[in-house]
Engineer: 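Questions regarding the structure given below will be posed in turn.
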Amino acid sequence: MTKDTSIQYLPGVGPKRAQLLESELGIRTLEDLVHLYPFRYIDRSSIVRIADVHPDLAQVQVRATVQKVRLFAKNGAELPADQLKYNMVSRLSAIVADESGEMEMVFFKGVKWMHARLVPGSTFIFFGKPAVFGSRLNMVHPEVDAPDAGTTGVLTGVYPSTEKLKNAGITGKVMLRLMGTALQEILPVVQETLPDYILKEKGLVPLTYALRQIHFPVDQAALAKASYRLKFEELFLLQLSLLKQKYIRSRNAVGFVMNQVGQPFNDCYNALPYQLTGAQKRVIKEIREDMRSGHQMNRLLQGDVGSGKTMVAVLSALIAVGNGYQACIMAPTEVLSQQHYANVSKYLRPTGVKCALLTGTTTAARRREIHAGLLDGSIGILIGTHALIEDTVQFRALGLAIVDEQHRFGVEQRARLWNKGWGGTAPHVLVMTATPIPRTLAMTLYGDLDVSVIDEMPPGRKPITTLCVGEGKRHAMHNFIRDEIAKGRQAFIVYPLIFESEKMDYKNLELGYEEIVKAFPLPQYKVAIVHGQQNAADKAFNMDAFAAGRANILVSTTVIEVGVDVPNASVMVIESAERFGLSQLHQLRGRVGRGAERSYCILMKGTKISKESQKRLDLLCATENGFELAEEDMKMRGPGDLEGTQQSGLPISLNIASLAKDGLILSDARAYAQHILDLDPTLQEQKNAPLLMELQRDKYQSKDYSKIS
Ligand code: ADP
Ligand code: MG
C-alpha cells in the first residue's frame, strides 16, 4: 500500500464504509486518513472512585463490580430477569459498585449482548460521561472493558465523527483501529515534508514521529511536540505560499508609474481644515511609494471607524489625477456612496477636480453625462456602488481603484475592477476596511497584500461611555435621550435585523418605532426611520432628515452600520444587543463620538441572555479598542464567523492550527517563511526542493490570491 491507496483496502473498511468516510469526512486515501487528527484526547490513565464521580466531570472511568442487572419494558415495567424476548426490552440497568459507592449503568441498545456480559459478581472498567437521572448517578452507554484494560493507552484520541458514521459502526474505537493500521502502512514510506535544515533550525520533530504521536501519544510531552510540529508546518507552508505569490506578483505586475504628487493633491492638502494625524501621513506615504514604484499597488488599509480613512482615499485619488489618471471609489451601499460623494466633493473644492456619483438610482440622462465625462477625462474621480463596475462604464485612464468596506463585495466584483485599467494594465488597488481584523487573520486572509494600519484617532475625540442595561432601565433611557436632545444632540436607536427577510425582526422594529414615537411625540420631537425594505427615496428622505438635524432620533436597522457620519449624534442605543457580534456592536458604537461632545452607547439587553453574551457586552463596555475586541471576538466565535471573513473566506481550511490560539506560532512561521524567501525567492535551491513540491499541492492552487482584493 502507498499513501495514495484508497482506504477501502484497509482491513475492516471495504467499499461501503470507504464511500461513507469520503462523503462524511472527505477521506479518500490512507494519507487523508492519517491527516485526520483527534480534536481532543481522553485521559484514561486514572481510575476514579465512584464516590468522587459527579455529573460535572467530562468522561471518566471507574472499575466496578456488577451488583444487579434489571430489564425494563417500554412502559417502564420491570421484566423478569430471565427475559428471553429481548425485543420487548427497552432498557437495561446495571447497578455496579466499587469500595467507595455505587452507580447505575444504562443501555438502550445492544441489550442482549450486555445482559450476557454483565454477570453479577464480575468486574469491569466502565468508561463514559457521568450524569444524574432522578437522584441517581449514572452513565448511559459506557464503554465496557476488561478490568485490566483501563490503563493501557495513556491518552486516547477522539476523532471527528457524524451520525451516519456512527450508524455504520465506525465508532471511536474503530477509528483508532483503522488509524493504527493506516499508520503501520504509511509510516515506513512517509516522505518528510520539511527540509532537514528547517527541522534543525526550528527544533521540530520529524513528520513520522509527529504523526505517530498525534494519534497515539505516549505522554503529554510527546503530544505537545507532535502538535507543535504539525501546526508550525501547516502555518509555515500557507504563509510560504502566500508570500511567494506576493513576491511573484510584485515582480511581474506592472503598475502605472505616478511620479509626482501633483497640484490637485497640494491644493487639497493646503486647504485641509485640520492637521493629518501621524498615522494618516504615514499611510499616505506608503501609498505614494507604491504608486510610483512601477509595480501595481495592492494594499489593504485598516483603520477603526472614525480614524479618517476617507481623507486618505481622497488624497490617494488626487495623486492619480495629478499624474493624468482617473480614480474611482466603490462603496457597498447607496447611502454610503452618497455620503462619500458629499464629503469628497467638499475636499475637492479647492482643487478644481470634478467628481461624479454613480449608483443604481442614477437617472439614464445623468448616466449618459457621466459616461461621456469619464471617456473624455473631464471627470477625475468616480464614486459609486457596484454600478460603477458595469461594462458600460468606461474610463479614459483609470489608474487607481479604491474599495471601501471591501469585505462586502464578492471576489468577482472586485476582480472586475481590475479589468478597467487603462490600456489593459490593472489599476492600483487600495481596499479599505473599518473592521479591525485580528493580526493573525489579516496575515492569512490578506497574506499576499501589503497592509497599512491607521492606529491613531484624530485628536479631540471624547471617549464614548458604554453601558449595558436591562429592560427595567428603559424609562431612564428615554429620559436620558430627552436630556441629550434638550442639549441639541441627536440619538440613534438600532434594532437587530439579522436576516433582512425575517418578519419577526421587522415586527420588533415597527413596534420599537411606535413606542419611540409615543415617548417622543410631535411636535416637540421628530423621529426618522430607515430600514432595508424602504424604497430608496424614503430611505434618503429619512436619512437626510437626520443628517441635517431635522429629526432628533433615527430608528433603524443595521443599514446605518457602515460609514454614516452625523457628528451631532451623541447617543447610540442598541436594542437586543446580545444578538449582535462584538465587531458589529463596535462598528455601531463608532457612529457616535464623532463630534466634540461627550457620547454614549447604551446596550439594551434581553432578559434571558447567556453567560457568553454577557461577557461580550461587558467587554464592549470595558474597551474602545477595535483590535482588542476583534481578537476577543475571534477567540469566542472562531475566525470563520468574524465579520469580514464570511465572503472572502479563508484561503485554506486549517487542519490543526487555529488562528485564534496559535498566533505566536503563526508570526514565527510567517517571519521564517519570509526569511527563507529572502534567501531563495523562487525556492530553486536543492535544499528547498521539498518545499517547492509541497506548494504544488492542490490546496495551495485553489484560489487566485492575487485577485482577492
Ligand atoms: P472612517 O475611517 O471611519 O472612514 P472618516 O474618514 O469618515 O473615518 O473620518 C471621521 C471624521 O474624522 C470625519 O468627520 C473627518 O472629517 C474627521 N477627520 C479625519 N481626519 C482628521 C484629522 N486628521 N483631524 C481631525 N479630524 C479628522
Ligand atoms: Mg469610512
Side-chain angles (χ1 to χ4, degrees), residues 265 268-285 287 299-318 328-350 381 383-385 402-409 430-437 451-464 490 492 543 547-549 558-570 572 583-584 586-597 599 624-627 629-630 643-644:
F265 179 101
C268 173
Y269 191 87
N270 294 331
L272 280 182
Y274 45 69
Q275 281 271 317
L276 291 186
T277 63
Q280 282 171 318
K281 282 185 190 158
R282 189 190 66 235
V283 166
I284 288 170
K285 214 167 145 199
I287 291 169
R299 188 170 280 278
L300 172 71
L301 173 58
Q302 279 199 76
D304 216 337
V305 181
S307 61
K309 293 185 295 298
T310 313
M311 200 58 244
V312 172
V314 170
L315 289 170
S316 310
L318 287 176
C328 68
I329 303 177
M330 181 162 82
T333 65
E334 177 104 22
V335 171
L336 195 54
S337 304
Q338 282 166 1
Q339 202 149 62
H340 272 318
Y341 178 66
N343 284 330
V344 173
S345 308
K346 203 170 61 195
Y347 290 126
L348 290 186
R349 229 163 271 150
I381 301 175
I383 296 166
T385 56
I402 299 172
V403 186
D404 196 13
E405 296 300 332
Q406 53 78 32
H407 63 267
R408 304 219 157 199
F409 293 100
L430 177 68
V431 301
M432 308 197 292
T433 178
T435 309
I437 300 168
V451 179
S452 293
V453 180
I454 306 187
D455 50 7
E456 183 186 351
M457 286 292 183
R461 301 183 121 245
K462 298 258 182 350
I464 302 169
Q490 293 164 278
F492 290 103
M543 262 322 296
T558 51
V559 289
I560 60 140
E561 180 195 341
V562 178
V564 172
D565 193 11
V566 183
N568 190 47
S570 62
M572 165 64 66
S583 303
Q584 210 182 5
H586 178 63
Q587 295 276 313
L588 286 168
R589 175 169 64 179
R591 299 295 119 221
V592 294
R594 304 194 139 208
E597 302 309 316
S599 296
E624 264 193 73
N625 182 321
F627 281 92
L629 289 168
E643 173 90 4

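Just so it is clear, the structure is predicted and the values come from calculations on it, not from any experiment. In listed order, ligands and their atoms are each counted from 1. Any value given below was found using the heavy atoms of this structure, including those in side chains, with hydrogens, waters and symmetry copies removed.
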Engineer: Below 4.5 Å, heavy atoms only, C-beta onward: do Met311 and Ile454 meet side chain to side chain?
Structural biologist: no
Engineer: For ligand 1, which atoms sit closer than 4.0 Å to a heavy atom of Leu276?
Structural biologist: 23 (N)
Engineer: Flag the pair Thr385 / Leu336 as yes when at least one side-chain heavy-atom distance between them is below 4.5 Å, and no otherwise.
Structural biologist: no
Engineer: Would you mind finding which of Gly303, Gly308, Pro458 brings a heavy atom closest to atom 8 (O) of ligand 1?
Structural biologist: Gly308
Engineer: Residue-level breakdown please: for Asn343 versus ligand 1, do any non-hydrogen atoms fall below 4.0 Å on the side chain, on the backbone, on both, or on neither?
Structural biologist: neither
Engineer: Quick check on contacts: which atoms of ligand 1 are under 4.0 angstrom from a heavy atom of Thr277?
Structural biologist: 23 (N)
Engineer: What atoms of ligand 1 come within less than 4.0 Å of a heavy atom belonging to Gln280?
Structural biologist: 19 (C), 20 (N), 22 (C), 23 (N)
Engineer: Select the closest option to atom 4 (O) of ligand 1 among Leu272, Thr310, Leu301, judged by heavy-atom distance.
Structural biologist: Thr310
Engineer: If you define the side chain from C-beta out and look only at heavy atoms, does anything of Met572 sit under 4.5 Å from Ile464?
Structural biologist: no
Engineer: Can you find a pair of side-chain heavy atoms, one from Asn625 and one from Asp304, that are under 4.5 Å apart?
Structural biologist: no
Engineer: Would you check whether Gly306 reaches within less than 4.0 Å of ligand 1, judged by its heavy atoms?
Structural biologist: yes
Engineer: Counting C-beta onward and ignoring hydrogens, is there a side-chain heavy-atom pair between Leu315 and Cys268 closer than 4.5 Å?
Structural biologist: yes
Engineer: Going by the order shown, which atoms of ligand 1 are within less than 4.0 Å of some heavy atom of Asp304?
Structural biologist: 2 (O)
Engineer: In terms of atom number and element, which parts of ligand 1 are under 4.0 angstrom from non-hydrogen atoms of Tyr347?
Structural biologist: 16 (O)
Engineer: Side chains of Gln280 and Val283, heavy atoms from C-beta outward: is any pair under 4.5 Å?
Structural biologist: no
Engineer: For ligand 1, which atoms sit closer than 4.0 Å to a heavy atom of Gln275?
Structural biologist: 22 (C), 23 (N), 24 (N)
Engineer: Quick one: which of His340, Met432, Met330, Lys309 gives a side-chain contact (heavy atoms from CB on, under 4.5 Å) with Ile402?
Structural biologist: Met432
Engineer: Asp404: heavy atom below 4.0 Å from ligand 1, yes or no?
Structural biologist: no
Engineer: Does Glu624 use its side chain to pair, donor to acceptor, with the backbone of Pro463 at less than 3.5 Å?
Structural biologist: no
